[in-house]
Amino acid sequence: MSPDLDKEDESPNLREVFYMNETISTLLSRRSIRNYTAEQVSDENLKAILEAAVYAPSAVNQQSWHFTVIQNKEVLDNMAADLKDSFKKSNNPRFQQLGTNENFSPFHRAPTVIVISGDEKAVAPEADCAAAAQNILLAAESLGLGACWVNMTIFLLNSEKGALWKKNLGIPEGYKPLYSITLGNKGTANPKAAPRKENSINYIK
Ligand SMILES: Cc1cc2nc3c(=O)[nH]c(=O)nc-3n(C[C@H](O)[C@H](O)[C@H](O)COP(=O)(O)O)c2cc1C
């Protein structure tokens, strides 16, 4: 898949790298997908994606992550409903509005949601789990699947009902839910990437 870039603006050398290197091409093409078909992700693809996740770097190689793969529609629907309820009770007007919006689906109606929790005693659980999350997004794109990093899930897991959900989802004691990823077959083409911010790189040679 060719990256979603304005090729005319790129130097010939850079263009060559995009097309010759599959990994760079995948990471440039990846976009947050918020529209999925009802078809479930195959077990084979799911396994490959989780294998990619556990090969992320981690501080002192502590591999401080834990993954909860949720594919039960009833569970996902109940989580989405509780999440919207907790939004309604929030002091944040934007969250309140999302909580009452009938069309809003926090998990984008994805057939799979992966919650990533970090070992609270580890050196850098946030960084370890973020690296694993990015591996999941890239592995999904490389397999032609859609994925989106959805942190709203964590709002639920840290809300009043959070302790019960953590128990029901079997999140191990001492692990804190940090991120979640929606995953599924794409119901839409990758949107165009937003322009990149300028002046974010400084070279010292
Ligand atoms: C920490 C983090 C939290 C995010 N939370 C959400 C979320 O709750 N819902 C959502 O639809 N997208 C979420 N996103 C996706 C971003 O909106 C998206 O990455 C950004 O708009 C850039 O678009 P792209 O991923 O297509 O390049 C999150 C991304 C990150 C890194």
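Treat the numbers as computed from the prediction; the structure is a model and nothing was measured. Every number for a ligand or one of its atoms is a count from 1 in the order of the listing. In what follows, residues are counted from 1 in the order of the sequence shown.
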ask   = With no hydrogens and no angle check, is any side-chain donor or acceptor of Gln71 less than 3.5 Å from a backbone partner on Pro111?
value = no
Quiz item: For the side chain of Asn35 and the backbone of Thr188, is there at least one donor-acceptor N/O pair under 3.5 Å apart?
Solution: no
| message | So for ligand 1, is Asn151 a polar contact partner (N or O within less than 3.5 Å, distance only)? | response | yes
Report task. Give a yes/no verdict on whether any heavy atom in Cys148 is under 4.0 Å from an atom of ligand 1. Result -> yes
Could you report the tightest heavy-atom contact between [X] and [Y], atom names first, then the distance?
X	Y	result
Val69	Thr112	CG1-CG2, 3.9 Å
Ser29	Asn190	O-ND2, 2.9 Å
Ala52	Ala139	CB-CB, 3.7 Å

- Query: Under a 4.5 Å cut-off applied to non-hydrogen side-chain atoms, are Lys176 and Asn158 in contact?
  - Reply: yes
Phe67 vs Val54 side-chain heavy atoms within contact, under 4.5 Å
yes
Indicate whether atom 20 (C) of ligand 1 is within a distance of less than 4.0 angstrom of some protein heavy atom.
no
Protein non-hydrogen atom found under 4.0 Å from atom 6 (C) of ligand 1:
yes
Ligand 1 atoms nearer than 4.0 angstrom to some heavy atom of Arg31 are 24 (P), 26 (O), 27 (O)
Here the atoms of ligand 1 under 4.0 Å from any heavy atom belonging to His108 are 10 (C), 11 (O)
Which protein heavy atom lies closest to [atom], and at what distance to 0.1 Å?
atom	result
atom 16 (C) of ligand 1	Arg34 NH2, 3.7 Å
atom 28 (C) of ligand 1	Trp149 O, 3.2 Å
atom 25 (O) of ligand 1	Ser32 OG, 2.6 Å

